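See structure below.
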Amino acid sequence: NGETSWIAWTNTPIVDESGTVEEILSVGMDITDRKLAEIRFNEIYKNTQKMLELMPFGVILVGHDRIIRSINKTALSMMELENENEIIGEICHNRICPAQECECPVLDLGKSIDSTERVLLGKDKKKIPIMKTVLSINLDGEDLLLEAFVDITEINSAKKKIESTNKQLETALQESER
């Protein structure tokens with residue numbers, strides 16, 4: 001009917017006493033459904049990878065052994081790193097919330113999800129304030145921490161400006177009352 005089919009073949013030679021091949025036993029099994037599912041899975045995987053790379057927030061996967069497994073491009077850019085080899089394989093506490101070693105809310109303190117302000121160490125140990133959400137997931141049988149975060153440097157700067165302005169207004173109000 002013109003449709004493509006995938007077949008898994010096994011060929012076994014049948015030999016006589018002298019070692020001469022008399023026949024070949026060939027067994028084929030239609031694996032079309034499995035192959036189509038594999039192709040679909042690979043498409044979904046590639047699309048998921050693209051989405052992770054295009055997200056406007058950093059994403060890092062950390063093993064329960066605290067070793068960084070992967071990082072997206074946004075996180076690399078935020079940390080001013082050239083490529084993922086500069087961070088993959090490192091212990092997370094050397095880069096993510098360094099002051100919190102052995103106090104991981106998910107791994108050490110039993111939380112199922114954690115959303116808090118933390119510090120990310122960028123290039124040359126530059127401290128980057130972040131808002132981070134962490135949850136435990138299982139990918140391909142491995143327990144991992146999925147850490148997603150945004151840089152809150154500008155938010156913190158705006159807060160400081162507002163606080164400063166409020167102090168100035170308070171001082172001006174006290175002066176006007178006097």
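Everything quoted here is computed from the prediction, not taken from an experiment.
Proximity of K123 to M79: side-chain heavy atoms (C-beta onward) are nowhere separated by under 4.5 Å. In this structure, the side chains of I155 and V150 stay at 4.5 Å or more apart for every pair of heavy atoms. By the 4.5 Å heavy-atom criterion applied to side chains, L120 and F149 are counted as neighbours. The side-chain heavy atoms of M131 and R118, taken from C-beta on, include no pair separated by under 4.5 Å. Between D114 and K111, the closest side-chain pair of non-hydrogen atoms falls below 4.5 Å. Using a 4.5 Å heavy-atom cutoff, the side chains of L121 and K126 are not in contact. Residues S5 and I31 form no side-chain contact, since every pair of their non-hydrogen atoms from C-beta on lies 4.5 Å or further apart. At least one side-chain heavy atom of E117 sits under 4.5 Å from a side-chain heavy atom of I152.
Across all non-hydrogen atoms, the minimal contact from M78 to G58 is CE-N, 3.8 Å. Between A75 and I71, the shortest heavy-atom distance links the atoms CB-CG1, 3.4 Å. Residues S136 and H64 approach most closely at OG-NE2, 3.2 Å, considering heavy atoms. Here the closest non-hydrogen pair linking T74 and P56 is CG2-C, 3.8 Å.
A donor-acceptor contact shorter than 3.5 Å links the side chain of D151 to the backbone of T153. The closest donor-acceptor contact from the side chain of T165 to the backbone of K161 lies under 3.5 Å. Using a distance-only test at 3.5 Å, with no hydrogens or angles considered, a donor-acceptor pair links the side chain of N72 to the main chain of F57. No donor-acceptor distance shorter than 3.5 angstrom exists from the side chain of E80 to the backbone of L76, with no hydrogens or angles considered. Under the 3.5 Å distance criterion, the side-chain polar atoms of T48 are matched with a main-chain donor or acceptor of I44.
Under the side chain to side chain donor-acceptor pair (under 3.5 Å) criterion, the residue pairs touching residues 166-177 are E175-R178, with sequence neighbours excluded.
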Legend entry - Stepwise side chain to side chain contact (heavy atoms under 4.5 Å, CB included) check, I14 with V21: CA-CA 6 Å; I14 300 177; V21 175; over 6 Å; no

Inset, instruction - Walk me through it: do L54 and Q49 pass the test side chain to side chain contact (heavy atoms under 4.5 Å, CB included)? - result: CA-CA 9 Å; L54 295 172; Q49 288 295 102; over 6 Å; no

Inset, instruction - Start with the C-alpha gap between I91 and I67, add the side-chain angles, then the distance that decides, and say whether side chain to side chain contact (heavy atoms under 4.5 Å, CB included) holds. - result: CA-CA 5 Å; I91 296 171; I67 302 295; 3.9 Å; yes

Inset, instruction - Begin from the C-alpha positions of L61 and L146 and carry the test side chain to side chain contact (heavy atoms under 4.5 Å, CB included) through to its verdict. - result: CA-CA 5 Å; L61 285 176; L146 173 64; 3.7 Å; yes

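Remark: K73 pairs with E53 by the side-chain contact (heavy atoms from CB on, under 4.5 Å) rule, at least two apart or across chains. Contacts of E142 classified as side chain to side chain donor-acceptor pair (under 3.5 Å), with partners at least two apart in sequence or in another chain: R69.
The existence of a salt bridge linking D30 and K35 is excluded, since no basic side-chain nitrogen approaches an acidic carboxylate oxygen closer than 4.0 Å. Between K46 and E43 there is no salt bridge, since none of the side-chain N atoms of the basic residue sits less than 4.0 Å from a carboxylate O of the acidic one.
Expressed to the nearest 0.5 Å, how far NE2 of H93 lies from SG of C104 amounts to 6.0 Å. The line from SG of C92 to CD1 of I60 is 9.0 Å long, rounded to the nearest 0.5 Å. Note: E38 CD to W6 CH2 = 9.5 Å, rounded to the nearest 0.5 Å. From E90, atom CD reaches atom CZ of R66 across 15.5 Å, with rounding to the nearest 0.5 Å. The CG atom of L25 sits 5.5 Å away from atom OG1 of T12, with the distance rounded to the nearest 0.5 Å.
When each of L135, T133, I96, I68 is paired with E147, the side chain to side chain contact (heavy atoms under 4.5 Å, CB included) condition holds for I96 and for no other.
The environment of I7 atom CD1 is dense: over 12 non-hydrogen atoms of other residues, nucleotides or ligands sit within 6.0 angstrom.
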